[in-house]
Amino acid sequence: MEVHIQKNRLRLISGDITKVKTDCIVNAANGTLYGGGGVDGAIHRAAGPKLLDECKVIRKEQLKGEYLPTGEAVMTKGYELPAKFVIHTVGPIWDGKDVDEKGKLLAHCYRNSLLLAKEKGLHSIAFPSISTGAYRFPIEMAAEIALKEIIQFLQEETFGDVYMVLFSEKDYNIYKQTLERLMENV
Ligand code: ADP
């Protein structure tokens with residue numbers, strides 16, 4: 001499914017984000033930036049070991065040894081990936097508590113990734129469904145937060161192409177239904 005928002009395009013696709021050839025892809029990382037399971041592991045495997053080396057430098061120099069805070073984003077090169085760059089962001093862990101706060105943090109992941117991509121002069125970005133795997137965020141809620149934030153950004157900015165890459169038909173259909181509903185009010 002594809003929609004046009006101002007001069008931009010938002011497209012939902014189902015598939016593997018490590019195969020997507022955009023200017024950048026977004027990694028649903030954890031605060032250590034040292035890799036993990038799910039999409040994070042897949043991105044590190046496909047990018048090769050230099051990705052981890054650069055993540056370690058970012059931890060040491062840019063983050064002064066601290067974890068990347070939830071909702072924030074940093075950029076590395078894409079190495080062996082078809083995408084030129086990877087934006088690493090940390091989604092909130094769902095535990096059913098502080099629902100508003102967790103939703104805001106998830107929105108920050110999308111906004112900060114888009115702002116970083118724009119600041120670096122990039123024109124295409126692909127997101128996975130952040131926080132809806134190991135971090136257990138309910139996908140219906142996550143889809144609404146993600147798409148609202150992307151739509152708002154594309155209404156305000158001239159950016160280019162935003163892809164949401166959904167890893168299953170079930171996830172794709174949830175995002176599709178949510179996007180159809182949200183576009184009724186755009
Ligand atoms: P989180 O810890 O943020 O929940 P996960 O990687 O566990 O991150 O899951 C986030 C989403 O990414 C899930 O919907 C999962 O199915 C999806 N996913 C896993 N591997 C890939 C991949 N290669 N491409 C796109 N999405 C993926």
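As the structure lists them, so they are numbered: ligands from 1, and atoms in each ligand from 1. Because only heavy atoms are used, hydrogens play no part in the values below, and waters and symmetry mates are left out as well, while side chains stay in. Because the structure is predicted, anything quoted here is derived from the model rather than measured.
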* Taking NZ, NE, NH1 and NH2 as the nitrogens, is one of them in Glu180 or Lys176 under 4.0 Å from a carboxylate oxygen of the other? -> yes
* Could you tell me whether Glu157 and Lys118 make a salt bridge, using a distance below 4.0 angstrom between a side-chain N and a carboxylate O? => yes
Considering the heavy atoms of [X], write down every atom of ligand 1 situated less than 4.0 Å from one of them.
X	result
Asp16	22 (C), 23 (N), 24 (N)
Ile17	22 (C), 24 (N), 25 (C)
Asp171	14 (O)
Thr132	4 (O), 13 (C), 14 (O)

* Given Gly38, Ser129, Ala28, which has its nearest heavy atom closest to atom 10 (C) of ligand 1? -> Ser129
* Asked: For atom 5 (P) of ligand 1, which of Gly15, Gly133, Ser131 has the closest heavy atom?
  -> Gly133
* Pair Glu169, Ser14: side-chain N/O donor-acceptor within cut-off below 3.5 Å -> yes
Of the protein's non-hydrogen atoms, which lies at the shortest distance from [atom], and what is that distance?
atom	answer
atom 12 (O) of ligand 1	Val39 CB, 4.0 Å
atom 27 (C) of ligand 1	Phe167 CG, 3.4 Å
atom 7 (O) of ligand 1	Ala134 N, 2.8 Å

* Asked: Where on Ile139 is there a heavy atom closer than 4.0 Å to ligand 1, on the side chain, on the backbone, on both, or on neither?
  -> neither
* Asked: N/O to N/O below 3.5 Å, does that happen between Tyr135 and ligand 1?
  -> yes
* Asked: Angle class for the Phe159/His123 ring planes (parallel below 30°, perpendicular above 60°, tilted otherwise)?
  -> tilted
* **Contact list for residues 64-76, test side chain to side chain donor-acceptor pair (under 3.5 Å), sequence neighbours left out** => Thr76-His88
* Look up atom NZ in Lys21 and atom OH in Tyr163, then write down how far apart they are to the nearest 0.5 Å. => 11.5 Å
* Structure fact -> CD1 (Ile13) and CD (Glu2) are apart, to the nearest 0.5 Å, by 11.0 Å
* Asked: What do you reckon, is NZ of Lys148 surrounded by more than 12 foreign heavy atoms closer than 6.0 Å?
  -> no
